[in-house]
Protein chains: 2
Amino acid sequence: MLSKKTKYGIKALIYLSKQKDGIPIQIETISKNENISRKFLESILLTLRKNGLLGSKKGKGGGYYLIKAPIDIKMSLIMRVLEGPIAMVPCVSLNFYEKCEDCPDEDACGVHSLMEEVRDSTLSIFNNKSLADLIK
Amino acid sequence: MLSKKTKYGIKALIYLSKQKDGIPIQIETISKNENISRKFLESILLTLRKNGLLGSKKGKGGGYYLIKAPIDIKMSLIMRVLEGPIAMVPCVSLNFYEKCEDCPDEDACGVHSLMEEVRDSTLSIFNNKSLADLIK
DNA sequence: TTTTAATCCTATTAATCCTATAGGGCAATA
DNA sequence: TATTGCCCTATAGGATTAATAGGATTAAAA
C-alpha cells in the first residue's frame, strides 16, 4: 500500500508541475491547496530536494520548485525516493538488494522468480511514465 | 514489502503441496521444518483455512492439508488472503475498493490511472501462476 | 541594520500495524 | 477417558508511519 508520504509527495510534485518554471512556491501554499499537514509536507519536500528532485530557495520569497521538466522525471525515481524499493522482497530488489537469510538457493526459490516477474512488470511501467503523464 | 505472514504462509503451502494428498500434517511439523514460530504459524494456517485454502482435522492424527490441487490454487488468491489488496491504493482495488476522501474525480487523477496499470500487470502475473508453479 | 519571511534540521510524540506469544477451550481418536 | 492437536481470543512488544514542535539559518525588504 502506498504510504501517505508518497501520496502527498506526488501531489506536491504535480502541484509544482503546474506552476511557472523556476518560481519558488512556499510550503504553506502547497499545504493549503492540497490539504496536507504543513509540517509533514515540509519533511517530504526536504527529502525530495535532497534526492535531487526539487530545488529550494531560502528566505523571503523563497520556496520549492522543480529542477527538471516534468517529462524528464521518471515515476520510478519518485517511487524509489518516496516509497523505497519497488520490489516486494529485498532479494529481488535492484537498488536495495538483500539476501534472504532463510533461503539457501535463490535460483531454486519459487517466490524469488515470481517476485522477479512482478518487479520487472512494475518497473517497466514506472520507467515509462513521467511526472508529466500524471497531469492531464 | 511482503510481510512475514505472507512469506511464512507461502512456505507452509509449498510444504503441504509436497505431501501426499489429504494426509493431515501437524503445525509442529511444518513449524520445525520451515523454521517458523509455532504460534505465529498457527494463526496463519487458521486464516488460510478460514479462507478456503486449507482443510484441517482435529484431534489425534489431525493437522492441515490442501483442499485443492496446487495447480488449481492461484497466487492471486493466496496473496489476497495473506497480504491483502494487490492494488497499491484502495481506489483501484477490485476486491477492497475504497474511495479516496481527498480526490474529487478519480477519472481525472493521474495517480489513479497509473496505479490501475500497475494493478493490472501485477494481477495478470498472479492470476496466471499457481502454487504448483512455485515448486520446481 | 533590523525586521520579516522563508527553508533547514533534529528531536519527540502519537498512532498504527506487524510479529509473536499465552493460555485455555474444544473436538477427535484410541 | 486420556491424550493429542486444532480453535480462538486477547495481548504484549516492537517497528514503522504520521504528525508535531521548536529553534537555527538564510535571504530579501524596510
Side-chain angles (χ1 to χ4, degrees), chain A residues 1-12 16 22-32 34-67 81-85 88-90 96 98 101-102, chain B residues 1-12 16 22-32 34-67 81-85 88-90 96 98 101-102:
Chain A
M1 282 280 146
L2 218 63
S3 66
K4 289 201 174 179
K5 181 182 174 185
T6 303
K7 199 173 178 185
Y8 291 164
I10 294 176
K11 280 188 162 198
L16 289 173
I23 297 179
I25 309 291
Q26 291 104 23
I27 298 173
E28 190 67 24
T29 308
I30 306 173
S31 158
K32 277 185 181 154
E34 297 295 329
N35 236 49
I36 305 170
S37 143
R38 166 75 166 67
K39 277 294 193 179
F40 192 24
L41 178 60
E42 194 176 324
S43 72
I44 295 168
L45 295 179
L46 206 59
T47 68
L48 286 172
R49 192 205 51 136
K50 286 186 175 169
N51 284 278
L53 284 160
L54 292 180
S56 67
K57 211 177 158 227
K58 280 188 176 182
K60 206 167 190 174
Y64 285 95
Y65 51 89
L66 286 183
I67 282 182
V81 164
L82 292 172
E83 191 73 12
M88 294 186 84
V89 281
F96 305 82
E98 263 176 73
E101 75 286 345
D102 57 334
Chain B
M1 282 282 145
L2 218 64
S3 67
K4 289 202 174 178
K5 180 181 173 187
T6 304
K7 199 172 177 185
Y8 292 163
I10 294 176
K11 281 187 161 196
L16 288 173
I23 296 179
I25 310 291
Q26 289 105 19
I27 297 173
E28 192 66 24
T29 308
I30 305 173
S31 158
K32 277 186 178 151
E34 297 295 328
N35 236 47
I36 305 168
S37 142
R38 167 75 167 67
K39 276 293 190 177
F40 193 25
L41 179 60
E42 193 175 328
S43 72
I44 295 168
L45 296 178
L46 205 59
T47 67
L48 286 172
R49 192 206 50 134
K50 286 185 176 172
N51 284 279
L53 284 160
L54 294 179
S56 67
K57 218 181 152 218
K58 283 185 175 182
K60 203 167 191 174
Y64 284 96
Y65 52 89
L66 286 182
I67 283 182
V81 165
L82 292 172
E83 190 74 11
M88 295 185 85
V89 280
F96 303 83
E98 262 177 74
E101 76 285 345
D102 56 334

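Not measured: the values here are computed from a predicted model.
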*Asks:* Heavy atoms of chain B, cut-off under 4.0 Å: which first and last nucleotide of DNA chain C, 5' to 3', fall inside that, if you could look?
*Replies:* C:dT19 to C:dT29
*Asks:* Does a distance-only test, which skips hydrogens and angles, find a donor-acceptor pair under 3.5 Å between the side chain of B:E42 and the base of D:dC7?
*Replies:* yes
*Asks:* With no hydrogens and no angle check, is any side-chain donor or acceptor of A:S31 less than 3.5 Å from a backbone partner on A:I36?
*Replies:* yes
*Asks:* When you compare the protein's N or O atoms with those of nucleotides 26-30 of chain D, which come within less than 3.5 Å of each other, and at what distance?
*Replies:*
none

*Asks:* Between atom CG in B:L48 and atom P in D:dC6, what is the gap in whole Å?
*Replies:* 14 Å
*Asks:* Identify the two heavy atoms, one from B:G62 and one from B:P24, that lie closest to each other, and give their separation to 0.1 Å.
*Replies:* C-CB, 3.6 Å
*Asks:* Give me the atom names and distance for the closest heavy-atom approach of B:E42 to B:I27.
*Replies:* CG-CD1, 3.5 Å
*Asks:* CD1 of B:I44 versus P of D:dC6: gap in Å, rounded?
*Replies:* 14 Å
*Asks:* Taking side chain to side chain contact (heavy atoms under 4.5 Å, CB included) as the definition, give me every residue that meets it alongside A:T6, ordered by chain and number, with sequence neighbours left out.
*Replies:* A:L2, A:S3, A:I10, A:M79, A:L82, A:E83
*Asks:* Identify the two heavy atoms, one from A:I44 and one from A:T47, that lie closest to each other, and give their separation to 0.1 Å.
*Replies:* O-OG1, 2.9 Å
*Asks:* What's A:K50 touching, base or sugar-phosphate or nothing? Going by heavy atoms closer than 4.0 Å.
*Replies:* sugar-phosphate
*Asks:* Tell me, do A:L46 and A:Y64 make a side-chain contact under 4.5 Å, heavy atoms counted?
*Replies:* yes
*Asks:* What residues in residues 22-30 of chain B put a non-hydrogen atom under 4.0 Å from any atom of DNA chain C?
*Replies:* none
*Asks:* Measure the CG-CD1 distance between B:L16 and B:I30 for me, rounded to the nearest 0.5 Å.
*Replies:* 4.0 Å
*Asks:* Write down the protein N/O and nucleotide N/O pairs, taken from nucleotides 16-19 of chain D, whose separation is under 3.5 Å; answer none if there are no such pairs.
*Replies:*
from, atom 1, to, atom 2, distance (Å)
D:dA18, OP1, A:K4, N, 2.9

*Asks:* Looking at every non-hydrogen atom in both residues, tell me the closest pair between B:D102 and A:K11 and how far apart they are.
*Replies:* OD2-NZ, 2.6 Å
*Asks:* As an exercise, state the distance from CD of A:Q26 to CZ of A:R38, rounded to the nearest 0.5 Å.
*Replies:* 9.5 Å
*Asks:* Could you state the interatomic distance from CG (B:L41) to CG (B:N35), rounded to the nearest 0.5 Å?
*Replies:* 11.5 Å
*Asks:* Just jot down the side chain to side chain donor-acceptor pair (under 3.5 Å) partners of A:K57, sequence neighbours excluded, or say none.
*Replies:* none
*Asks:* Taking all non-hydrogen atoms of both residues, which atom of A:I67 and which atom of A:L54 are closest, and how far apart?
*Replies:* CD1-O, 3.4 Å
*Asks:* Do B:L48 and B:L45 come close enough that some side-chain heavy atom pair is under 4.5 Å?
*Replies:* yes
*Asks:* Which part of the nucleic acid, if any, lies within contact of A:R38, taking any heavy atom under 4.0 Å across all strands shown: a base, the sugar-phosphate backbone alone, or nothing?
*Replies:* base
